[in-house]
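The structure appears right after this line, and notes come after that.
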Amino acid sequence: MEKDRSIFITDQHIYDNHRKHFKGVRFIQIPAGETFKVQSTIDQIIDQLISFGADRKTTLIGVGGGVITDITGYVASVFMRGVPFGFVPTSILGMVDASIGGKNGIDVGNYKNMVGVIRQPGFLFYDVSLLNSLPAEEWVNGFAEVIKHAAIKDASLFRELENKSITYYRKDKKALTELIRKNVVIKSTIVQKDEFEGNERRLLNFGHTLGHAVENVYHLPHGHAISIGIKGACLISEQMTNFKETARVTNLLQQYGLPIDIPVDFGKVIEIMRMDKKKLRDTMHYVVLEKLGKAIIKPIPMAQLEKLLYSIARAR
Ligand SMILES: NC(=O)c1ccc[n+]([C@@H]2O[C@H](COP(=O)([O-])OP(=O)(O)OC[C@H]3O[C@@H](n4cnc5c(N)ncnc54)[C@H](O)[C@@H]3O)[C@@H](O)[C@H]2O)c1
Ligand SMILES: [Zn+2]
């Protein structure tokens, strides 16, 4: 990758906090936030690429959280029918989740990630010192996915998390680096087994079926919605697999600043779930835990799932 053939894409928060890294390079800056993960931003980026004289050999490098990496991978996949790209993730969520796996895309109206491609970045570059400027609430959001990874794949990581805290990982860069590495291995191993979401990759949806529905209705931060979704998935696991450790999971979520209260209006939430991408005909492929560190997929008929959700809501 030659420096003068690269164009960096970043958002305003990253740029404001890390200006010195952008000295002397060509870069495109967009406003921060999920609302800009839309086609009009892509159009603006493409205009700027054209005015930079970008060509098929230009490498695009996304420096940012999941919004920036999703956008960069998408633009790079469609600009001139595809140019090389790589990522420098700057948020916990970006490092452990969004930058890994090759899903790149944008939102359309209320539909998140409705348009996109699966294409792997040429490289990922990690620098944990970039996290020094990450706001506290984004640490919490990112840890929802860390807890998800531990719950579905790694009981010993789960125990480590029980003995630590965000404050600890923020202070101890070595421990943080090791934590991120473990999470990268968990996600990339799953993706390598199943890049195009046959079965294994679905495990990553743990907490996300209910979580996305809750996010959609209540406009919560993603990590908060997923936390509620994880609790729901644990309660469903109790019914489906006789899972017994819901309390440990909910305690851990709370320990990392995440909410576990399930909002009341299950009617609305179920309505959204019916439209979920993961629904196949009248059966939902739900990710449940057999035990901590071991998730499986259970096909649950929609009617049974609705009953389960209402019984959870009543039992609150
Ligand atoms: N492609 C995938 O497989 C995948 C997986 C999970 C999530 N995602 C996507 O990722 C997005 C969420 O990612 P996110 O939580 O990183 O959101 P984000 O990119 O919006 O970042 C969150 C906020 O933190 C700021 N920020 C990021 N890094 C910073 C830093 N080092 N210093 C200061 N501020 C910083 C951003 O400017 C933003 O305001 C969603 O759009 C989601 O759909 C994609
Ligand atoms: Zn998520």
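Just so you know, ligand 1 is whichever comes first in the structure, and atom 1 is the first atom listed for that ligand.
Smallest separation of non-hydrogen atoms from V83 and D55: CG1-O, 3.7 Å. Nearest heavy-atom pair, L130 versus P89, reported as atom, atom and distance to 0.1 Å: CD1-O, 4.2 Å. Smallest separation of non-hydrogen atoms from F206 and V287: CD1-O, 3.5 Å.
At under 3.5 Å, not a single nitrogen or oxygen of N104, backbone or side chain, sits near a nitrogen or oxygen of ligand 1. Not one N or O of G33 is nearer than 3.5 Å to an N or O of ligand 1, by distance alone.
Ligand 1 places these atoms under 4.0 Å from at least one heavy atom of A98: 1 (N), 2 (C), 3 (O), 4 (C), 5 (C), 6 (C), 7 (C), 8 (N), 10 (O), 44 (C). When each atom of ligand 1 is checked for a heavy atom of E34 under 4.0 Å away, the hits are 40 (C), 41 (O). Per-residue contacts place L130 under 4.0 angstrom from the following atoms of ligand 1 (heavy atoms of the residue considered): 31 (N). Taking every heavy atom of N17 and a limit of under 4.0 angstrom, the matching atoms of ligand 1 come to 33 (C). Below 4.0 Å from some heavy atom of D11 lie the following atoms of ligand 1, by number and element: 36 (C), 37 (O). Of all atoms in ligand 1, listed by their number and element, those nearer than 4.0 Å to a heavy atom of G65 are 16 (O), 19 (O). Every atom of ligand 1 with a heavy atom of K187 under 4.0 Å away is listed here by number and element: 3 (O). Near K103, meaning under 4.0 Å from any of its heavy atoms, are these atoms of ligand 1: 1 (N), 2 (C), 3 (O).
Atom OH of Y111 is surrounded by 12 or fewer heavy atoms from other residues, nucleotides or ligands within 6.0 Å. The neighbour count for K173 NZ, taken as heavy atoms of other residues, nucleotides or ligands under 6.0 Å away, is above 12. By the neighbour-count criterion of 12 heavy atoms within 6.0 Å, atom NZ of K298 is sparsely surrounded, having that number or fewer from other residues, nucleotides or ligands.
The residue among G66, A144, S129 with a heavy atom at the shortest distance from atom 11 (C) of ligand 1 is G66. Comparing heavy-atom distances from atom 35 (C) of ligand 1 across N113, I14, V67 singles out I14 as nearest. Comparing heavy-atom distances from atom 12 (C) of ligand 1 across D97, L93, I226 singles out L93 as nearest.
Cluster membership for I270 and Y286, using ILVMFWY side-chain heavy atoms within less than 4.5 angstrom, is shared. Residues L93 and I180 do not share a hydrophobic cluster, clusters being chains of Ile/Leu/Val/Met/Phe/Trp/Tyr side chains in contact below 4.5 Å. Y169 is not connected to V185 by any chain of hydrophobic side-chain contacts under 4.5 Å among Ile, Leu, Val, Met, Phe, Trp and Tyr, and they are in different clusters.
Among the heteroatoms counted here (N, O or S) of E145, OE2 is the one nearest to the Zn ion (ligand 2). The closest approach of H208 to the Zn ion (ligand 2), by N/O/S atoms, is made by NE2.
Contact annotation for A32 and ligand 1: only side-chain heavy atoms (C-beta onward) come within less than 4.0 Å of the ligand. Contacts of H222 with ligand 1, taken as heavy-atom pairs under 4.0 Å, are absent altogether. Contacts of P135 with ligand 1, taken as heavy-atom pairs under 4.0 Å, involve the side chain alone. Contacts of D70 with ligand 1, taken as heavy-atom pairs under 4.0 Å, involve the side chain alone. Contact annotation: for K37 versus ligand 1, heavy atoms closer than 4.0 Å belong to the side chain alone.
Between the side chains of N251 and Q255, no donor-acceptor pair is found at a separation under 3.5 Å. Between the side chains of K193 and N199, not a single donor N or O lies within less than 3.5 Å of an accepting N or O.
Note that CD1 of I236 and CG of L289 are 11.0 Å apart. Values are rounded to the nearest 0.5 Å.
Given atom 30 (C) of ligand 1, the protein heavy atom at minimum distance is S133 OG, 3.5 Å. Looking only at heavy atoms of the protein, atom 38 (C) of ligand 1 is closest to H13 ND1, 3.9 Å.
The only option from H18, H13, R19 that meets the side-chain hydrogen bond (donor to acceptor under 3.5 Å, both in side chains) definition with D16 turns out to be R19.
Using a 4.0 angstrom heavy-atom cutoff, N141 does not count as in contact with ligand 1. G64 does not count as a contact of ligand 1, since none of its heavy atoms falls under 4.0 Å from the ligand. Using 4.0 Å as the threshold, R201 has no heavy atom nearer than that to any atom of ligand 1.
At least one donor-acceptor pair under 3.5 Å links the side chain of S237 to the backbone N or O of A233.
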Before you tell me yes or no, could you show the steps for E160 and K182 under salt bridge (Lys or Arg N to Asp or Glu O under 4.0 Å), namely the whole-Å CA-CA distance, both residues' side-chain angles and the distance that decides it to 0.1 Å? CA-CA 12 Å; E160 172 185 322; K182 281 185 191 159; 2.8 Å; yes

